[in-house]
Amino acid sequence: MTNSRYRSTESTGAPVGGRAPLAPRRRTVVKAAAATAVLAGPLAAAVPARAAEAPVFQHGLASGDPLPDGVLLWTRVTPTAEATPGSGAGPDTRVDWVVALDKGLTNIVAKGSLTATAASDHTVKADVRGLAPATDYWFRFSANGSDSPVARTRTAPAPDAAVPGLRFGVVSCASWEAGYFSPYRHLAARGDLDAWLHLGDYIYEYGTGEYGARGTVVRPTSPTHETLTLADYRVRHGKYKTDPDLQALHTKAPVVAIWDDHEIANDTWSGGAENHTEGAEGTWAARQAAAKQAYFEWMPVRPALAGTTYRRLRFGKLADLSLLDLRSFRSQQVGIGNGSVDDPERTLTGRAQLDWLKAGLASSDTTWRLVGNSVMISPFAVGSLPASLLRPLAKLLGLPQEGIALNTDQWDGYTDDRRELLAHLRSNAIGNTVFLTGDIHMAWANDVPVDAGTYPLSASAATEFVVTSVTSDNLDDIVKVPEGTVSAIASPLIKAANRHVHWVDTDRHGYGVLDITAARAQMDYYVVSDRTKANATSSWSRSYRTRTGTQKVERTYDPV
């Protein structure tokens, strides 16, 4: 290749800022989602880092947001001992990158250099273009005489390509203190992913001891206090990026990520959060800005609009993927004496994003329309559950425990937006829409009914696959009973009250693998043996699919 094809990108960032951290306060409501790193060893001061001491690339490397002609590459360097995440310290450092067609990096097709600065917490991104579609590439960063590991990435198919199949890993809700990230390791070991989707809660904001495994801290996080300032969020992201299983997955396939609430604070809405006290914890505007800045510094995400994560990717003629930001524009969640879920003035998406989503679904010419959706869109009534299950379930969802029939943090709390979107799908005969969802720490396979009260006599507008948590507490963890105990009782009751629900597992931790062909979209659900064990094993649990043209889910008895 000639030098004319090489691409170079400069990193940018904002100065370090923020308030002095406050001691964490006890949370009276723990909502498990409707349900930086401390250096490994000292570096010699004022001299370049050496791999034998503390690695320059101790936070790994990653790629994301694949396009037909390019991909976003990311890393973070530690040039000196004091240049820890969130410190604001450390010199400007040149970072070189190369992209090649082979793992040995002999057939280089693109290269460039960037400058890592304290202003961007020594993170860098290279938005590489000029690549071939549907192609595996390998890349590496170099700085201060050290090389990063070599990682694999993959570009998306050409927009007009007839793609025979796609395969995505699907994950959400990974609390560091609740366990080890073995689902990431098992996804990395597959070696067959076009990309992997992270549907939110990549990090958690809580202080140590506030969100472990059944109240137990499996491994302490950093900082030990709740994240409030820009420095805090940078430290927390840095801690997560030291996890070996997460690093392994980032080196095997590009990630496509959206945020949910815990990247900022529990039950985030446009003007605040349940887990934020104005004044005592600074202003909401400052905290939200700090969290979002750290997120875009530390994640290989290409923002479509400043401060948001909603955007659209295309994978040939087979599928497009609309990614939603359901935190930045939403109205405050309804509570007792606080408005109505049916109020048309209340919104989950915001007007501009909902119009963008509707227009994209209507104009799509792909076989499948995937929607990366951080909170469940299918209606969820829990009123038929006995008090022994309703109260812990309400605790998991952050709801009043004396009985309520919906979760107002997800689409159930914003019914006008949902009605408008589903009516749009039906009136425009838009088929093969599949919502991919996290947040609720349970696995679900749902039809998405236009009218849940009359279903299945009425129509289904779409389907939804919800993946469970990587580590965050499930219903059995709230009740503190053996895994599987609650599901055996609760699942039949939930399905009886929600006839569009084909399956729900309230108890297990794991991940999903979405496999798409022209004929069907299938989600294979996998569970891990023990989130508190670093060597947890993985096993297939169940599979559900939706066949083209049906808008309904059905069980299938083998993973792809």
Looking just at side-chain N and O atoms, do [X] and [Y] make a donor-acceptor pair shorter than 3.5 Å?
X	Y	value
Arg508	Thr468	no
Asp343	Ser340	no
Thr556	Ser543	no
Asp325	Gln353	no
Asn474	Ser469	yes
Ser328	Lys292	yes
Thr471	Arg531	no
Thr548	Asn432	yes
Tyr511	Ser538	yes

Side-chain donor/acceptor of [X] to backbone N/O of [Y], under 3.5 Å:
X	Y	result
Thr408	Val334	yes
Arg154	Ala134	yes
Glu420	Asp417	no
Asp530	Thr532	yes
Tyr526	His509	no
Thr268	Ala265	yes
Ser374	Leu199	no

>> Suppose the criterion is salt bridge (charged side-chain N to carboxylate O under 4.0 Å, His left out): which pairs have a residue in residues 158-171, not counting sequence neighbours?
In response: Arg167-Asp192, Arg167-Asp515
> How would you list all residue pairs meeting salt bridge (charged side-chain N to carboxylate O under 4.0 Å, His left out) that involve residues 244-258, not counting sequence neighbours?
Replying inline: Arg185-Asp245
> Who are the side-chain contact (heavy atoms from CB on, under 4.5 Å) partners of Thr155, not counting sequence neighbours?
Replying inline: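 Scan of Thr155 (side-chain contact (heavy atoms from CB on, under 4.5 Å), adjacent residues dropped) gives Leu131, Thr135, Tyr137.
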>> Ring centroids only, cut at 6.0 angstrom: are Tyr202 and Trp298 within range, meaning strictly under it?
In response: no
>> Suppose we call two aromatic rings close when their centres sit under 6.0 Å apart. Are Tyr204 and Trp176 close by that rule?
In response: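 Not close enough - the centres of the two rings lie 6.0 Å or further apart.
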>> Taking the side chain as everything from C-beta on, heavy atoms only, tell me whether Phe435 gets closer than 4.5 Å to Thr463.
In response: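 Phe435 vs Thr463: side chains apart.
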Minimum heavy-atom separation for [X] and [Y], please, with both atom names.
X	Y	value
Arg302	Val71	NH2-C, 3.9 Å
Arg369	Thr366	NH1-O, 2.7 Å
Asp477	Ser472	OD2-O, 4.5 Å
Ser331	Glu345	OG-O, 4.2 Å
Ile440	Gln410	CD1-OE1, 3.8 Å

> Under a 4.0 Å N-O cut-off, is there an ion pair linking Arg327 with Asp260?
Replying inline: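 Result for this pair is yes, salt bridge flagged.
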> Going by the angle between their ring planes, with limits at 30° and 60°, are Tyr310 and Phe329 parallel, tilted or perpendicular?
Replying inline: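 Plane angle over 60°, so perpendicular.
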> Does NZ or CZ of Lys317 come closer than 6.0 Å to the centre of the six-membered ring of Trp368, within 45° of the ring's axis?
Replying inline: no
> Only one of Ser175, Cys173, Ser172 forms a side chain to side chain contact (heavy atoms under 4.5 Å, CB included) with His441, so which one is it?
Replying inline: Cys173
> How far apart are the C-alpha atoms of Glu464 and Thr437, what are their side-chain angles, what is the distance that settles it, and do they pass the side chain to side chain donor-acceptor pair (under 3.5 Å) test?
Replying inline: CA-CA 7 Å; Glu464 180 175 38; Thr437 305; 2.7 Å; yes
> What do the steps show when you test Thr309 against Phe296 for side-chain contact (heavy atoms from CB on, under 4.5 Å), and what is the final call?
Replying inline: CA-CA 9 Å; Thr309 57; Phe296 283 119; 4.0 Å; yes
> Passes side-chain contact (heavy atoms from CB on, under 4.5 Å), Asp409 versus Trp269? Steps please.
Replying inline: CA-CA 9 Å; Asp409 187 59; Trp269 58 286; over 6 Å; no
> Can you tell me if CZ on Arg547 sees more than 12 non-hydrogen neighbours from other groups inside 6.0 Å?
Replying inline: no
